[in-house]
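Read the structure below first, then the notes.
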Amino acid sequence: MKKMLAPSILAANFINLEKEIRKVEMAGVDLIHCDVMDGKFVPNITFGPIVINAVKKITRLPLDVHLMIETPDDFLDDFVKAGANYLTVHQESVVHLNRTITRIKELGAKAGVSINPATPVNTLCEILEIVDLVLVMSVNPGFGGQKFIESSLKKIRDLKSIREENNYEFLIEVDGGVDTNNITKLKNAGVDVFVAGSAIFSKDNVTAAALELKNMIA
Ligand code: DX5
Ligand code: ZN
């Protein structure tokens, strides 16, 4: 399976968002990760479909949209229409997860489910057969630049073995505190999609930082 790097624009300079995206495109990144926060599910507010649609218009890279919001079911259509290629909801914010995942797929996007650091992998066992992606949060969601939580590694290894045992096809994604110090460990544990915000956009040379991470997962 091809390993993918997904820079999170949360850490980018929003005044120059187009230029920031060009910098990571030059490094050959695979997806653009868009963090949607509502100030309720997480203690921070970011952006919604309008910004995602603006990004869609200026890049050909697929958009990986991470919904950290309450009642995501109310907005699935809006985010797919705005241009989400992958649309991920949190297990903790959805009551009827099977319905939500099915709906995302009906709308024509890849469907992801995410778990917070305190949520066990086994809460997903009934849904793994139908999801396209599982996003393991390796920080408590809400902010960029937090410290990586080590116990996420075991969750990634467990997901990988469950996938192998059952011939499931979901991608394993990790998000939070990913940098040059832990990316090799994460790769070896079984991650397919690596989200990185500050490890890319907070560096002086954004392209070089993305290229370094990209080479480390190759
Ligand atoms: C955190 C977001 C992340 C964030 C990661 O709630 O979901 O995508 O941008 O940022 P870093 O890589 O700085 O931890
Ligand atoms: Zn995210």
Side-chain angles (χ1 to χ4, degrees), residues 1-38 42 44-69 75 78-88 107-110 112 114 132-133 135 137-139 141-146 148 171-184 186-187 191-218:
M1 223 176 294
K2 190 192 165 207
K3 304 284 179 186
M4 296 193 273
L5 182 61
S8 164
I9 57 170
L10 185 63
N13 176 356
F14 273 73
I15 297 296
N16 293 309
L17 197 49
E18 182 170 6
K19 280 190 196 152
E20 295 276 83
I21 289 171
R22 295 285 169 260
K23 290 178 194 167
V24 291
E25 282 177 341
M26 285 200 310
V29 306
D30 304 277
L31 303 165
I32 299 292
H33 185 84
C34 305
D35 286 306
V36 178
M37 305 185 188
D38 67 352
V42 289
N44 195 8
I45 300 177
T46 56
F47 50 80
I50 292 174
V51 170
I52 287 170
N53 192 239
V55 171
K56 187 74 184 174
K57 289 185 178 134
I58 59 106
T59 184
R60 288 157 84 166
L61 288 175
L63 303 186
D64 176 32
V65 176
H66 178 192
L67 296 183
M68 288 159 277
I69 61 175
F75 302 99
D78 294 339
F79 283 103
V80 174
K81 277 196 196 110
N85 298 86
Y86 287 85
L87 188 57
T88 296
L107 290 167
K110 300 275 190 196
S114 181
D132 297 300
L133 177 146
L135 169 49
M137 284 308 301
S138 43
V139 298
F143 303 94
Q146 301 182 80
F148 179 81
L171 296 171
I172 302 172
E173 181 172 34
V174 67
D175 184 6
V178 175
D179 61 21
T180 52
N181 298 313
N182 54 31
I183 201 161
T184 305
L186 288 163
K187 179 188 167 189
V191 172
D192 306 295
V193 186
F194 302 79
V195 178
S198 37
I200 294 177
F201 288 110
S202 302
K203 303 286 171 170
D204 289 338
N205 190 331
V206 168
T207 305
L211 205 52
E212 186 179 10
L213 292 174
K214 190 69 192 151
N215 288 334
M216 290 179 84
I217 60 171

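Just so you know, residue 1 is the first one in the sequence shown, and it goes up from there.
E20 places no side-chain N or O within 3.5 Å of a backbone atom of A12 that could act as its donor or acceptor partner. For D179 (side chain) and A199 (main-chain N/O), no donor-acceptor pair under 3.5 Å exists by modelled atom type. Checked by atom type and distance alone, the side chain of N85 never pairs as donor or acceptor with a backbone atom of P62 at under 3.5 Å. For K187 (side chain) and A218 (main-chain N/O), a donor-acceptor pair under 3.5 Å exists by modelled atom type. The backbone N or O of M26 lies less than 3.5 Å from no partner atom in the side chain of T207, so there is not a single donor-acceptor pair. A distance-only check finds no donor-acceptor pair linking the side chain of S138 to the backbone of F148 [under 3.5 Å]. A side-chain donor-acceptor contact under 3.5 Å links N205 to the backbone of A208.
In this structure, C34 and H66 have side chains that are not in contact, with every pair of non-hydrogen atoms separated by 4.5 Å or more. Using a 4.5 Å cut-off on side-chain heavy atoms (C-beta onward), F194 and V174 make contact. In this structure, the side chains of V65 and I52 come closer than 4.5 Å at one or more pairs of heavy atoms. Proximity of V195 to E173: side-chain heavy atoms (C-beta onward) are separated by under 4.5 Å at one or more points. In this structure the side chain of Y86 never reaches within 4.5 angstrom of the side chain of L63, judged on heavy atoms. The side-chain heavy atoms of L5 and I200, taken from C-beta on, include a pair separated by under 4.5 Å. L31 places none of its side-chain heavy atoms less than 4.5 Å from the side chain of V29. Side-chain contact check for M37 versus L10: some heavy-atom pair is nearer than 4.5 Å.
Across A84 and A109, no two heavy atoms sit closer than the pair O-CB, 3.9 Å. Across every non-hydrogen atom of M137 and D175, the tightest pair is CE-O, 3.4 Å. Shortest non-hydrogen contact noted between A210 and A27 is CB-CB, 3.6 Å. In plain terms, the two heavy atoms of F47 and V36 that are nearest each other are O-CG1, 3.3 Å. Closest heavy-atom contact between V191 and K3: O-NZ, 2.7 Å. The minimum heavy-atom distance between S8 and D35, with the atom names listed, is OG-OD2, 2.7 Å.
E212 and T180 form no side-chain donor-acceptor contact under 3.5 Å, judged by distance and modelled atom types alone.
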**Message:** Test side-chain contact (heavy atoms from CB on, under 4.5 Å) on M4 and D192; report intermediate values, then the result.
**Reply:** CA-CA 6 Å; M4 296 193 273; D192 306 295; 5.9 Å; no

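Here the CD1 atom belonging to I9 is positioned 7.5 Å from the CZ atom belonging to F201, to the nearest 0.5 angstrom. If you take CD1 on I58 and CD1 on I32, they are separated by 8.0 Å, rounding to the nearest 0.5 Å. Between atom CE of residue M68 and atom OG of residue S114 there is a gap of 8.0 Å, rounded to the nearest 0.5 Å. A distance of 12.0 Å separates CD1 of I69 from CD1 of I45, quoted to the nearest 0.5 Å. Atoms CD1 and CG, on I50 and D78 in that order, are 10.0 Å from each other to the nearest 0.5 Å. One distance of note links CG of L135 with CG of L171; it measures 11.5 Å at 0.5 Å rounding.
Using a cutoff of 4.0 Å between basic side-chain nitrogens and carboxylate oxygens, K110 and D64 are not scored as salt-bridged. Ion pair D30/K214 flagged as a salt bridge, since at least one NZ, NE, NH1 or NH2 atom sits closer than 4.0 Å to an Asp/Glu carboxylate oxygen.
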